[in-house]
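First comes the structure, then the notes that go with it.
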Amino acid sequence: MSKDTIADILTLIRNADMNRKRTIQIPLTNITEKIVRILFQQGFLENVRKHRERKKSFLVLTLRYRRNRKESYKSFFNLKRISTPGLRIYSKYPQIPKVLGGMGIVILSTSRGIMADREARLERIGGEILCYIW
């Protein structure tokens with residue numbers, strides 16, 4: 001794992017989705033817990049639970065899939081990291097982008113913690129744009 005924990009989480013979820021894995025384990029940190037909580041609230045995850053093994057804590061995520069037997073497998077997650085450690089991208093609340101016209105979500109790091117774009121618009125605060133999920 002690299003120093004960019006958010007990119008690592010998104011890559012783990014994206015790879016598990018492409019390989020059709022039902023559950024994955026990700027390391028537990030405050031940032032990962034808040035991002036996973038947002039994904040669970042928005043309906044991208046089916047279940048989340050904490051697991052402790054040999055003094056290390058993990059989050060076990062159960063992914064949600066689209067099931068269509070007639071067509072080929074379609075990925076449920078489209079994740080894109082926006083702000084990186086080398087290039088931070090900030091936005092005021094009126095300029096927070098809408099992903100797919102509001103169908104997707106933008107995860108922001110604000111002065112009041114990590115939150116989804118809808119919640120940031122309601123509270124009228126901007127922040128660093130972490131990622132897009134649709």
Side-chain angles (χ1 to χ4, degrees):
M1 298 213 132
S2 67
K3 298 283 183 183
D4 190 6
T5 57
I6 298 169
D8 292 338
I9 294 166
L10 297 177
T11 302
L12 286 170
I13 294 173
R14 189 182 305 116
N15 289 343
D17 186 46
M18 285 191 306
N19 291 326
R20 300 182 192 182
K21 285 191 175 182
R22 187 86 173 133
T23 61
I24 57 168
Q25 280 187 347
I26 60 171
L28 177 64
T29 63
N30 289 336
I31 294 172
T32 60
E33 188 173 15
K34 291 175 184 174
I35 290 174
V36 165
R37 177 182 51 86
I38 291 170
L39 290 175
F40 181 69
Q41 288 173 348
Q42 298 293 328
F44 289 101
L45 299 175
E46 199 170 296
N47 191 14
V48 177
R49 64 181 170 87
K50 291 182 183 178
H51 179 67
R52 187 169 174 90
E53 184 177 302
R54 295 185 195 147
K55 297 182 182 178
K56 292 186 178 180
S57 295
F58 297 98
L59 285 173
V60 179
L61 311 177
T62 305
L63 302 179
R64 179 168 284 163
Y65 289 107
R66 295 179 187 158
R67 296 183 181 158
N68 191 348
R69 296 181 184 171
K70 294 180 182 178
E71 295 180 16
S72 62
Y73 173 76
K74 291 186 179 177
S75 178
F76 190 70
F77 285 106
N78 288 314
L79 307 139
K80 185 176 181 183
R81 177 79 160 118
I82 302 301
S83 184
T84 61
L87 179 64
R88 304 288 185 183
I89 302 200
Y90 297 94
S91 176
K92 296 178 183 177
Y93 84 91
Q95 285 85 30
I96 295 173
K98 291 188 178 184
V99 179
L100 290 178
M103 297 284 290
I105 61 170
V106 177
I107 296 180
L108 299 158
S109 176
T110 65
S111 59
R112 296 186 190 159
I114 296 175
M115 61 180 62
D117 59 340
R118 292 179 188 104
E119 187 178 350
R121 281 191 196 98
L122 286 175
E123 294 187 18
R124 295 178 165 246
I125 51 175
E128 180 183 355
I129 299 174
L130 298 178
C131 60
Y132 295 159
I133 301 170
W134 72 94

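Bear in mind the structure is a predicted one, so any value in this text is a computation, not a measurement.
Proximity of a side-chain donor or acceptor of R64 to a complementary backbone N or O of G43 within less than 3.5 Å is detected. R81 contributes no side-chain N or O that, together with a main-chain N or O of T11, makes up a donor-acceptor pair within less than 3.5 Å.
Residues R88 and Y90 come closest through the heavy atom pair CB-CE1, 3.5 Å. When all heavy atoms of A16 and I24 are compared, the closest pair comes out as CB-CG2, 3.1 Å. Taking both residues in full, the closest heavy atoms of P97 and D117 are given as O-OD2, 4.1 Å, listed atom of the first, atom of the second, then distance. Looking at every heavy atom in both residues, L45 comes nearest to F40 through O-CD1, 3.6 Å. The shortest heavy-atom contact between G102 and K98 is N-CB, 3.9 Å.
Put simply, the side chain of L130 does not reach to within 4.5 Å of the side chain of I31, judged on heavy atoms. Looking at K50 and L59, their side chains come closer than 4.5 Å, going by heavy atoms from C-beta outward.
One distance of note links CD1 of I6 with OG1 of T84; it measures 10.5 Å at 0.5 Å rounding. Rounding to the nearest 0.5 Å gives a distance of 4.5 Å between CD1 of I9 and OG1 of T32. Rounded to the nearest 0.5 angstrom, E46 CD and L63 CG are separated by 9.0 Å. Here the straight-line distance linking atom SG of C131 with atom NZ of K80 works out to 11.5 Å at 0.5 Å rounding. Of the inter-residue distances, the one linking L12 atom CG with L61 atom CG reads 9.0 Å to the nearest 0.5 angstrom. Here the straight-line distance linking atom CD of E33 with atom CD1 of I35 works out to 11.5 Å at 0.5 Å rounding.
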Pairs under 3.5 angstrom only: tabulate donor-acceptor contacts from the side chains of residues 103-111 to other protein residues two or more places apart or in another chain.
unit_1	atom_1	unit_2	atom_2	d
T110	OG1	R112	N	3.2
T110	OG1	G113	N	3.4
T110	OG1	G113	O	2.7

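Cluster partners of I125 are M115, counting Ile, Leu, Val, Met, Phe, Trp and Tyr whose side-chain heavy atoms approach within less than 4.5 Å, directly or via other members.
Y93 and I129 fall within a single hydrophobic cluster, where Ile, Leu, Val, Met, Phe, Trp and Tyr side chains are chained together by heavy-atom contacts under 4.5 Å.
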